[in-house]
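I have placed the structure first, in the form of structure tokens, so that the comments after it can refer back to it.
Naming convention: chains lettered A, B, ... in sequence-line order (proteins, then strands); numbering from 1 in each chain.
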Number of protein chains: 2
Amino acid sequence: MSVQPGYFDQFQHADIDELADAIGDLLQNPITIEDADHKLIAYSSHGESTDLARRSTIMGRRVPEKVLTRLWKDGVFQQLLTKEDPVHIPPKEDIGLGRRVAIAIRKGTDVLGYIWAQEENQPITEKDDEILRQAARVAVPRLVQRQGKRKAEEQRRKEFFWELLLGNHTSESFIKRKAESLQVELPAQYLICVIEAEETRLEQYLYPLLLRDKLLWVMDGAQLILLIGLNSQGGRENALLLRKVEQFLDDSLEKLVDHTPHGKATAGYGKIYSEYSDIVRSYREALHVLEVKRLFFEETRQIKGYHQLGIYRFLRQLKSWSDAEGYVNEQLKTLAAYDQDNQTHLLETLETYLDSAGKVNVAAQHLHIHINTLNYRLRRIEEIIQVDLDDQNQRTSLYLDLKLNKMPDTTGK
Amino acid sequence: MSVQPGYFDQFQHADIDELADAIGDLLQNPITIEDADHKLIAYSSHGESTDLARRSTIMGRRVPEKVLTRLWKDGVFQQLLTKEDPVHIPPKEDIGLGRRVAIAIRKGTDVLGYIWAQEENQPITEKDDEILRQAARVAVPRLVQRQGKRKAEEQRRKEFFWELLLGNHTSESFIKRKAESLQVELPAQYLICVIEAEETRLEQYLYPLLLRDKLLWVMDGAQLILLIGLNSQGGRENALLLRKVEQFLDDSLEKLVDHTPHGKATAGYGKIYSEYSDIVRSYREALHVLEVKRLFFEETRQIKGYHQLGIYRFLRQLKSWSDAEGYVNEQLKTLAAYDQDNQTHLLETLETYLDSAGKVNVAAQHLHIHINTLNYRLRRIEEIIQVDLDDQNQRTSLYLDLKLNKMPDTTGK
DNA sequence: CTGCCTTTTGTGAATTTTCACAAATCGCTG
DNA sequence: CAGCGATTTGTGAAAATTCACAAAAGGCAG
């Protein structure tokens, strides 16, 4: 089936449902048109469909969550968002989704919505793609009009969120009033999370997650900043809630790493607060986590929350104090000099040993050396820098100073 | 032998040597008069003496070091400094010191010098004490006159030292010039040491140490502040020099503890510097050590030097920073609450375990519990506060926060 | 090259730590 | 008081650590 250029021009000012019917007639198949949020906008009146997903979508006026999740997971949306052309989707029977073709309705780089065509009555071939392309083009102004208001509101919400992130508001009651007027639901407890990846279209990969929970979020360069609500006031169960946040982040990051070329993606989140004027705190804490993770990539691999930072919570501060004081750990200096002179690796040995919490077997494995070699080196270290590694104070001090030495100098700043 | 009151008045304006002769005549024994620094001022011309100490004193114009040290060690000077009456000293043949009697020449509480009477020709009885008392009284103006200038100089030296301690001078060349004009020998390398004891006459017990090495020192309340020179520029041997300083302090403290009722005496010293404008640093460091030792008495028992402080170097600053941030370690809070609710001692257990550098046998011994009990408690702690004690970061963090929690709140300040 | 020193690796025994399991104690609740 | 859960202590075996000693390898100076 083919169509002459400009065929759809007649529907320019018609009802969008008529457009759906027109496409359906041409393709001889059921059609649905959705906005970017997968809300149903129009659907063709093509008789009874056997497709479960279609029925659910029409009944619920939105594509079911289960279907969306699956399509994101399978990368269908990633294709839709990046390609101009229609995407042919094989059937996914386990979620009641028959074979179909979809195309994004786009204006510039923005995706305004989607046209879905089921292959129920007859197959849709590559030649039919042109029909969908033209239909997508003619649908644009309707969606623009439709989304215009929604987008402006969204914009005002994001601005409000930025104000909160930057700590512009200190009055709780003011924040509550403004949130209400913007129809933003502020949770009783929350935390701020920042996800960072080199991928520029970061938010696209996370759309389903962002939309599903109606979260407050903004982009800032390569960072996605979002407010995660924790619907529970019992402080006791916070541990459980945090585990859910961790799970969410792990999922998101896994998704990002799969789709980014270099696979670099990190996330950090701040502490849980309930006063909204503390949003700025949670945000800064999240940023602090990211900063630490850049500096101590290996050491902080499994850290995402500010409350897990441990010594890294104050290491930056400690570094600037030490620099200002002109402090240098003479022991580490001595050890570094010894390494230099004798081509040994005592400094690395010491750090690995301390990182391994004093477990010699673990440390030896990390260093790829015999356990006796490690013990010999440790005794050597104790001799050279006159330290007693069984003294927790001395040990802690060395551990911290080793980490401090890895940080960039702050005096130049 | 006795003497009428006012007998010595005739020597009021005579040469002090004549006074010595007069006493000698009355007691029929050799006499020496010394100033507070044990420099010889006068001696009776009573024939040849068999006493080795006397001969050495006269020949060297000062009491030999060996004799002084021994007399301090045996507590003779302590008696002389505290008692108004003459002190009868048994012979100490190993240092060539025959039997003798001595009395302090004092004006108010200040001791200006000493009169020594050997028992060579005939015994000196209790009845002769009055002679010595009167002689001591009449010797005062001569010694006052003699010491006036020296004392003024000493005063000016102390003032100079205070200026250095407070960092009033920043120009090295100025400091050097002023030191020279005051005849103060500044060592190439030095450190500042502060000794503190409840005993108010602290410096008296340490006189021999102070005088022997001609150190710069001042008293500040219960604190004795002194500058210790380290005559070596090779940075390599600093460890050895420091060990000597430690030895010196151990000796001094032992001496103090022996003589003070409650036995409280501590010392702290700063880092080694060579620029004299850094005296203020070394002094502040020494004070910092003392402050830390007050707060963490048990933990810092064997710490005296600033360089040994380890984590305590920055704990005070970290505390005030954490307080300002409103930081509280939720884990420790949880554990404390658990202890409260269940009458357990998990917090103490955790601290002891961490203090013991993770050695379970050591920690169990400290806590007087079975080793399995300790292991059980540790597993329990890991469960309750969701911590992995094999993770050095988490461990260190808990260790530091435990110490921080022991410090007084800084927000009230 | 030899001799000397430092470092690495190997071996084996003594000691310590870890772990699983069981018994006893204790406080609390129905 | 019986029963329950938390805690303490005991026992024994497996695993890890510590220690002493020895052999081998490597660099370096004479």
| task | Kindly say if Lys359(A) contacts the phosphate of dA15(D), meaning a side-chain N or O under 4.0 Å from OP1 or OP2. | result | no
| Exam field: side chain Gln317(B) to backbone Phe314(B), donor-acceptor pair closer than 3.5 Å | no
| Integer-rounded Å distance: dG5(D) C1' and Asp341(B) CG | 16 Å
| task | Would you give the length of the straight line joining atom OH of Tyr190(A) to atom CD1 of Ile279(A), rounded to the nearest 0.5 angstrom? | result | 4.5 Å
| task | Apply salt bridge (charged side-chain N to carboxylate O under 4.0 Å, His left out) to the pair Glu330(A) and Lys271(B), showing each step before the final yes or no. | result | CA-CA 11 Å; Glu330(A) 296 293 335; Lys271(B) 284 198 305 230; over 6 Å; no
| query | Considering all heavy atoms of both residues, which atom of His345(A) and which atom of Arg377(A) are nearest to each other, and what is their separation? | reply | O-NH1, 4.2 Å
| query | Do the side chain of Tyr269(A) and the main chain of Ser282(A) share a donor and acceptor less than 3.5 angstrom apart? | reply | no
| field | Atom pair distance, as rounded to whole Å: CG in Asp390(B) and P in dA16(D) | value | 13 Å
| message | Treating Lys293(B) as the side-chain partner and Thr300(B) as the backbone partner, does any N or O pair qualify as donor plus acceptor under 3.5 Å? | response | yes
| task | Find the distance Asp339(B):CG to dA6(D):C1' and express it as a whole number of Å. | result | 14 Å
| task | Please work out which residues in residues 360-381 of chain A have a non-hydrogen atom less than 4.0 Å from an atom of DNA chain D and list them by number. | result | Val360(A), Asn361(A), Ile371(A), Asn372(A), Asn375(A)
| In terms of ring plane angle, is the pair Trp321(A) and Trp321(B) parallel, tilted or perpendicular, where the classes change at 30° and 60°? | perpendicular
| Boundaries of the chain B footprint along DNA chain C (any atom under 4.0 Å from a heavy atom) | dT16(C) to dA20(C)
| query | What's the shortest heavy-atom distance between Ile311(B) and Asn393(A), and which atoms? | reply | N-OD1, 2.9 Å
